[in-house]
Amino acid sequence: MSVDKRLHERKFVRTFFTTPTAEQGEDDSAKKLRSAIGLRGMQAPDVWVPDNEDATAPNMRDEGAENIADVVAEDGEEFPGEIHPRVVWHRDSPQTRYKGFQHMLEIADPENGAVENIDGFVIPEVGDLDDWKKADEFMTIVENEYGLEEGSLAMSVIIESGTAELEMGRLRDEIGKPSNNLERMFLLVDGEVDYTKDMRAITPTGALPEWKELRHNTSRAASAAGLIAVDGPFDDIRDVAGYRQRMTENQAMGQLGIWSLTPGQVVEANKAPLPPKEGYWLIDEDGEEVELDAEDGVQQYVGDKISLEADGDEYHLTVGNDTQVLSHDELQTELVDLTAYVPSLDDIVDSMEEFEAAKEAGKGAIAMTRATTVSIDGVEVDISSDRMWDEATYQALQTPITLFQDVYDNRPDQHDDLAELYGEDVVNRANEVGN
C-alpha cells in the first residue's frame, strides 16, 4: 500500500491538549476532565488527551481510567475535537504495559458508554518498532474483545527516546504489513522532557535543548508515513511570545501541531497556522525580522537599528554597524532584499484565484507583483518585486488554504470565530478555491 496518503479524516492537527484524569482531595476527582470536555470554539483543541500518565498521580490512575469513561460517556458526543486518552506504557516494563492495556479495556468497554466517542489512544515512552507493535496488538485485542472494527481505534505515540527517534525511519516500510495493524497510526508527538533525560543531555541553565533535529525528524517521518507531527509541551505558559516563536519555527519544518497545556495555549495554537486577517510587511533589522507599521499605505520603520539619509542622488543606508552608499536603484534592490510580505488569507485566495484563471486561459506560469512604499527616517522609497507562479508554486502555497478548509470541515464550532476574524466573503472564497 502507499503510505504517503493520509489514513485518517484529519489532515492537520493544530492542538494536542492534555488534562489530568483524577485529582486526589477534590470532591469530584474528574473536575478538570468535565471542564475540558466543555470547551468550544478556539478554546477547544483539535485533539483532546485525557492524560492518565504523567499528568495523573500513579495511585489515581485506576480511578482516572474510570473517570475518562464516565465523562466521555456523558459529554463526549458534543465535544468538537477528537478524543485520544493517554495511557501508561514503557518500553522496558511489561508491568506498565499491562497496566496500560487494562486501562484501555476499561475505557473502551461498551458497557461504560464511552467508546463510540473515543477516537484512539496515545502511547508514551515507546521504544523500537517491536514495542509499537505490542501496543498495536493490545489495541487489536481490545477491538476484538468488544466487537469493534480492527483499526477503528487510532494509535499515536510520543517520541521520548533515541531508540524511538531512529525507529521512525522504519515506520514507512512497516505500515501495511499483514502482521500488524499499524495503519491505525495517527500522530507522532515529540516528548522533549523525557527525550532529554534519555539522551543524558545537559545545558548550563537546566533548560531543555531546542532539539531541532528531533522536530525535523518527526516531521519528516510523519510526511513519509502519511501521519501528523506534533511538537511537545511548552511549559512556560506565560511566555506567549516564546510559544508563538516555537510554533513559527515548527511550521517552517512542516510540524503544524503543538502540545497545549492550558486553554490559553490552545487558542494561540489553534490560530497560529492560520493566515493573518491583514497582510503585513517585515524588514530584516540586522538579523531580526520586525514588522513595519502601516500608515496610509506607507510602511514605516520606527526602530533604531536601521537608518536612511538622502544625500543628493545618493543614499546612506545603515543596518546595524554596516553603512552602504547607494544609488536610488541600488537602494530599491537592497530594500527588496531586506523586506518580506506576510500575506493575509484574502491575499492568498486572490493569488490562487488569479493563477487558476491564468491556467484556465492556457498559461502555465504568471508573474505576481507585490509593491509598497517603505519609509525610513522620513525617506520614502517605492519598492516592488515579482514572483513567478507555476503549478509547483501554486501547490506549495495551497497548504494554508488546505489547512483552513480542513479546520472549517472538521470544526463547525469555530465557524463563527473564522467569520468574525476574516469576514464571511473571504471564508466562502477560501473554501471554494483549489477545489
Side-chain angles (χ1 to χ4, degrees), residues 241 244-245 247-249 251-253 272 274-359 361-401 422-423 426:
R244 289 174 179 162
Q245 179 61 33
M247 289 186 284
T248 299
E249 293 173 359
Q251 288 157 21
M253 293 185 277
L274 297 172
K277 177 182 180 180
E278 303 288 345
Y280 57 91
W281 286 85
L282 301 172
I283 192 166
D284 186 343
E285 186 190 57
D286 196 25
E288 180 180 356
E289 285 190 323
V290 297
E291 186 175 342
L292 296 171
D293 291 342
E295 194 172 309
D296 297 327
V298 176
Q299 309 304 317
Q300 307 273 354
Y301 173 72
V302 295
D304 57 9
K305 294 183 179 179
I306 302 177
S307 63
L308 180 61
E309 180 182 352
D311 183 12
D313 294 333
E314 294 181 333
Y315 296 84
H316 296 259
L317 175 67
T318 301
V319 180
N321 296 319
D322 180 34
T323 299
Q324 300 180 72
V325 179
L326 305 168
S327 68
H328 185 268
D329 289 348
E330 290 171 336
L331 176 62
Q332 287 180 314
T333 300
E334 188 68 24
L335 289 180
V336 166
D337 290 342
L338 287 174
T339 56
Y341 184 70
V342 178
S344 66
L345 179 63
D346 194 16
D347 292 327
I348 296 171
V349 172
D350 281 344
S351 296
M352 291 181 66
E353 289 175 339
E354 185 176 342
F355 180 76
E356 288 176 353
K359 187 166 62 172
K363 298 179 181 179
I366 60 173
M368 300 278 193
T369 300
R370 184 74 65 188
T372 193
T373 301
V374 176
S375 176
I376 302 173
D377 293 336
V379 179
E380 294 187 359
V381 184
D382 295 329
I383 63 170
S384 67
S385 62
D386 293 330
R387 181 174 187 180
M388 188 59 66
W389 271 60
D390 57 15
E391 186 63 30
T393 308
Y394 174 86
Q395 292 181 9
L397 293 178
Q398 194 171 0
T399 297
I401 295 296
Y422 296 115
V426 175

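All residue numbers in this chain count up from 1 along the given sequence.
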Q) Side chains of Gln324 and Tyr315: closer than 4.5 Å at any heavy-atom pair? A) no
Q. Hey, does the side chain of Asp347 reach the backbone of Ser344 with a donor-acceptor pair shorter than 3.5 angstrom?
A. yes
(Q) As a test of understanding, state which of Ile306, Asp293, Asp377 forms a side chain to side chain contact (heavy atoms under 4.5 Å, CB included) with Tyr301. (A) Ile306
Q) Under 4.5 Å between any side-chain heavy atoms of Thr393 and Arg387, yes or no? A) yes
Q: List in chain and number order the residues that pass side chain to side chain contact (heavy atoms under 4.5 Å, CB included) with Asn321, two or more places apart in sequence or in another chain; answer none if no residue qualifies.
A: none
Q | Separation of Glu314 CD from His316 NE2 (nearest 0.5 Å) | A | 6.0 Å
Q: Name all residues meeting the salt bridge (Lys or Arg N to Asp or Glu O under 4.0 Å) criterion together with Glu249; count only those two or more places apart in sequence or in a different chain, and write none if there are none.
A: Arg215
Q: Please name the pair of heavy atoms, one in Ile383 and one in Gln332, separated by the smallest distance, quoted to 0.1 Å.
A: CG2-O, 4.1 Å
**Q.** Interatomic distance, Leu338 atom CG to Asp286 atom CG [nearest 0.5 angstrom]
**A.** 10.0 Å
Q. Applying the side chain to side chain contact (heavy atoms under 4.5 Å, CB included) test to Val381, which of Leu317, Thr373, Ile376, Leu308 qualifies?
A. Leu308
Q.
For Val379 versus Ala310, what's the shortest heavy-atom pair and its separation?
A. CG2-N, 4.3 Å
Q. What are the two closest non-hydrogen atoms of Val336 and Ser384, and how far apart are they?
A. CG2-O, 3.6 Å
(Q) Donor-acceptor check, side chain of Tyr422 to backbone of Pro275, threshold 3.5 angstrom: yes or no? (A) yes
Q: Using the side-chain contact (heavy atoms from CB on, under 4.5 Å) rule, take Phe355 and Glu391 through it: C-alpha gap first, then chi angles, then the decisive distance, then the call.
A: CA-CA 9 Å; Phe355 180 76; Glu391 186 63 30; 3.6 Å; yes
**Q.** Glu356 side chain reached by Tyr394 side chain, heavy atoms, under 4.5 Å
**A.** yes
Q. Who are the side-chain hydrogen bond (donor to acceptor under 3.5 Å, both in side chains) partners of Thr399, not counting sequence neighbours?
A. none
Q. Do you know the tightest heavy-atom contact between Ile348 and Leu397?
A. CG2-O, 4.1 Å
(Q) Would you say that Lys359 contacts Trp389 through its side chain, given a criterion of any heavy-atom pair below 4.5 Å between the two side chains? (A) no
